[in-house]
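One structure is given below, encoded as structure tokens.
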Protein chains: 2
Amino acid sequence: MLILDNLSKHITLTPQEQELFLSKTEIRQYKAKTILLNAGEICTHSYFVNSGVLRSFNINDNIVEHVLSFACSGWWISDMYSLLSQKPGNLFIQVLEDAEIVLLSKKNQEVLFQEIPKLERFFRILTENSLVAHQERLMDNLSLTAEERFEKFCNKYQDLIQKVPQKQIASYLGVTPEFFSKMKSKMLRK
Amino acid sequence: MLILDNLSKHITLTPQEQELFLSKTEIRQYKAKTILLNAGEICTHSYFVNSGVLRSFNINDNIVEHVLSFACSGWWISDMYSLLSQKPGNLFIQVLEDAEIVLLSKKNQEVLFQEIPKLERFFRILTENSLVAHQERLMDNLSLTAEERFEKFCNKYQDLIQKVPQKQIASYLGVTPEFFSKMKSKMLRK
DNA sequence: ATAATTTCTTAATCTAGGTTAAGTGTCTTT
DNA sequence: AAAGACACTTAACCTAGATTAAGAAATTAT
């Protein structure tokens, strides 16, 4: 089971603990385009992707979308700010490709932290890794050209390139779809 | 004591635990310009700032510096990637203004995690808050102009503006010192 | 104090990437 | 299979911010 494999990357659970964990989660199927979380809402769940693709993004001045992150098979996604503070966030979470998702509510997560303290370590490590990745991306945005960022993206998320519309990738990289298209055809010509 | 106040923001320690914690740390004075960590080295400590100012930054192609973060009184700083992975990082950590620093070695941190499991929660929360802050900064870099980012910076880090050379702030915001200077005088004229 | 280094400013010129707009291709939905 | 609705491309023109350079101001070291 994908999510148990995921947990086992950082902690070891007994069969009973595994069963308890699963009993506190819920599996659901979602069609592409479904919005799991709207900006302005309080985020109540963490989402683990069994299959399909999700993204988180915000909308600027009611016009421009900016992709914060993608999540495909084996990845967690949520609005960390809203989930932690339990205040309204400004992220949307949306299904990009039909998906099967494991839902873990904040409440159940807290219950599980009491029952299986090891899980606190698991989520700490998850958060640490995410922080490191975000720091690197920040520095990349400060120091690399769009072309260099795209190359890094291709190496890191090879599978995503086929799956998500390229305007979403442009948004993640911080350029317009028009510029992205121009850049891509320029890179292909080499 | 500043560092105990800092711990008490998220967890409650008994006097014995406080004493144990302090016994595993070390306090040192550093002059401005001192380098605490070089790129290419393995980061062995977390640094807590009692007084003074530090920054972390990397150097691109041996030429351009990019500031990842500042830390002044009451803030923690380190190279999270290197500290966690125990591999050589690419961040420098430098004193910008004469500083008194509390050093916590990775080894002692692990010992303390065993002896005072609550501390694991403390650092988890610290990491969570840092992640949220980095996510917001990422989105700001994608969607705001340099001027807007500077205004946000001024509101958030009012005390820093007097203390650090403005070329460092320019670097943090992701613009050149020349452009920053032009932008600043334009903003003053309003 | 003075010299040396570093930081800041100003200005001319340049460019990566944005904007606008129009056309084409490709999914969805019915 | 047709009609919309998206997604992608191309091209002309525009702008925020970069680069280069040179001088002024402020720190730091001797």
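Protein chains get the first letters and strands the later ones, always in sequence-line order, with residue 1 at the start of each.
Protein atom CG of B:L173 is 11 Å distant from nucleotide atom P of D:dG17, rounded to whole Å. Spacing between atom NE2 of A:H66 and atom P of C:dG17 amounts to 15 Å, rounded to whole angstrom units. Distance, A:E147 CD to C:dT15 C1': 14 Å, rounded to whole Å. Taking atom CZ of A:R189 as the reference point, atom P of D:dT9 lies 12 Å away to the nearest angstrom. The CE atom of B:M183 sits 18 Å away from the C1' atom of C:dA11 (whole-angstrom rounding). Distance CG (A:L96) to P (D:dA7): 10 Å, rounded to an integer number of Å. In this structure, B:N60 places its CG atom 15 Å from C1' of D:dA18, rounding to the nearest Å. Between B:K167 atom NZ and D:dT27 atom P the separation is 15 Å, expressed in whole Å.
Remark: B:Q168 is not in phosphate contact with C:dT7, judged by side-chain N or O atoms under 4.0 Å from OP1 or OP2. OP1 or OP2 of D:dG17 has at least one side-chain nitrogen or oxygen of B:R149 nearer than 4.0 Å. Taking side-chain N and O atoms only, A:T176 has no distance below 4.0 Å to OP1 or OP2 of C:dG17. For A:K184, a side-chain nitrogen or oxygen approaches OP1 or OP2 of D:dT9 to under 4.0 Å. In terms of phosphate contacts, B:K33 brings no side-chain nitrogen or oxygen within less than 4.0 Å of OP1 or OP2 of C:dT6.
Counting non-hydrogen atoms under 4.0 angstrom, B:E178 reaches a base of the nucleic acid.
Using a cut-off of 4.0 Å between Lys/Arg side-chain N and Asp/Glu carboxylate O, A:K31 and A:E97 are scored as not salt-bridged. Under the 4.0 Å criterion applied to side-chain N and carboxylate O atoms, B:K186 and B:E147 are assigned as salt-bridge partners. A salt bridge links A:K152 and A:E136; the closest N-O separation between the charged side-chain nitrogens and carboxylate oxygens is under 4.0 Å.
Judged by closest nucleotide on DNA chain C, B:P165 is the one of A:L144 and B:P165 placed further toward the 5' end. DNA chain D is contacted by both A:F179 and B:F179; A:F179 maps to the nucleotide lying nearer its 5′ end (nearest heavy atom per residue).
Closest to the B:V175 side chain, of the nucleotides C:dC8, D:dC8, D:dG17, is D:dG17.
For the pair A:S82 (side chain) and A:P88 (backbone), a donor-acceptor distance under 3.5 Å is absent.
Between A:F57 and A:Y172, the ring centre distance reaches or exceeds 6.0 Å.
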